[in-house]
Amino acid sequence: MENLNRRLMNSLRLTYNLLRRRRIQGVLLDGSEDQGAITWQPRTKGAADMEKKQLLKMKEERSALLQEMILEAASQEGKPVSQRQLANQLSMSPQAMTDEVSRLERKGYLTRSRSKDSLREPCVSLTKQGEERAAELRQIKNRQNAEFFKPLTEEEKETLLTLLDKLNLAEEMGLKENGL
């Protein structure tokens, strides 16, 4: 059951990323850069300060989530992995990956080294502390996944997974046809 919940969450994450890519693609192809954009026009100084605090909090939460995803992905490899490979796997820009890896390195979860194949390509490895944190995050994620899918029967989970896989495959094929 835990495996099915994990597969469902991975499929949901893939669906989200594909839909996000499609939205970005639509904005780029339509040329309407402000489509769906959030404008920031505070009415008062107090409102401006509140919005800045909210934006900062959202940025910190996003960074924490990205760091968790990086730790999880690096722990699955079990060996040093290139930053570029992690960035591709997590659909992150190389700059965002570098920023988050630096934060994780300062926290003592990762170490960086140069690839044996290419001296220019940085690789990351989990430290002992990083492995422990990745294991904690995996346990938390498994509990959350089980709770999230609790209302569904095993048959309903299988059906949902089949439908998400079908949507993801169709979306990936559409993106490939459009050269994205």
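Side chains are part of it too, since the values below use all heavy atoms of this structure and drop only hydrogens, waters and symmetry mates. FYI, the numbering just counts along the sequence from 1.
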Determine, step by step, whether Gln89 and Gln76 satisfy the side chain to side chain contact (heavy atoms under 4.5 Å, CB included) criterion, reporting the C-alpha distance in whole Å, the side-chain angles of both residues, the deciding distance to 0.1 Å, and the verdict.
CA-CA 12 Å; Gln89 181 180 345; Gln76 290 175 352; 4.1 Å; yes
Decide whether [X] and [Y] meet the rule of one side-chain donor and one side-chain acceptor closer than 3.5 Å.
X: Glu105; Y: Thr111; result: no
X: Lys107; Y: Gln67; result: yes
X: Arg133; Y: Ser75; result: no
X: Thr127; Y: Glu131; result: no

Looking only at atom types and distance, does a side-chain atom of Ser63 sit under 3.5 Å from a main-chain N or O of Lys59, one as donor and one as acceptor?
no
For the side chain of Asn168 and the backbone of Ser11, is there at least one donor-acceptor N/O pair under 3.5 Å apart?
yes
Sole candidate of Leu90, Leu66, Asn88 that passes side chain to side chain contact (heavy atoms under 4.5 Å, CB included) when paired with Met97
Leu90
Can you tell me how far apart [atom1] ([X]) and [atom2] ([Y]) are? Round to the nearest 0.5 Å.
X: Leu160; Y: Asp165; atom1: CG; atom2: CG; answer: 9.5 Å
X: Asn142; Y: Asn3; atom1: CG; atom2: CG; answer: 10.0 Å
X: Leu55; Y: Lys53; atom1: CG; atom2: NZ; answer: 12.5 Å
X: Leu71; Y: Leu126; atom1: CG; atom2: CG; answer: 6.0 Å

Closest non-hydrogen atom pair, [X] against [Y]:
X: Leu152; Y: Lys157; answer: O-CE, 3.6 Å
X: Ala146; Y: Asn5; answer: CA-ND2, 3.4 Å
X: Leu86; Y: Ala73; answer: CD2-CB, 3.6 Å

Are [X] and [Y] side-chain neighbours, meaning at least one heavy-atom pair lies under 4.5 Å?
X: Glu158; Y: Leu163; value: no
X: Cys123; Y: Gln83; value: no
X: Arg6; Y: Asn10; value: yes
X: Phe149; Y: Leu4; value: no
X: Pro151; Y: Glu156; value: no
X: Ile140; Y: Arg143; value: yes

Taking CD in Glu61 as the centre, count heavy atoms belonging to other residues, nucleotides or ligands within less than 6.0 Å. Is the count above 12?
yes
Between [Y] and [X], does any NZ, NE, NH1 or NH2 come within less than 4.0 Å of an OD or OE carboxylate oxygen?
X: Glu60; Y: Lys57; result: no
X: Arg84; Y: Glu121; result: yes
X: Lys141; Y: Glu72; result: yes

Under the side-chain hydrogen bond (donor to acceptor under 3.5 Å, both in side chains) rule, what do Ser102 and Arg112 come out as? Steps first, then yes or no, please.
CA-CA 9 Å; Ser102 295; Arg112 271 191 266 210; 2.8 Å; yes
Candidate pair Gln144 and Met9, rule side chain to side chain contact (heavy atoms under 4.5 Å, CB included), full reasoning:
CA-CA 10 Å; Gln144 289 174 337; Met9 286 308 290; over 6 Å; no
For a side chain to side chain contact (heavy atoms under 4.5 Å, CB included) check, start with the C-alpha distance between Leu12 and Phe148, then their side-chain angles and the critical distance, and finish with the verdict.
CA-CA 12 Å; Leu12 282 170; Phe148 183 77; 4.1 Å; yes
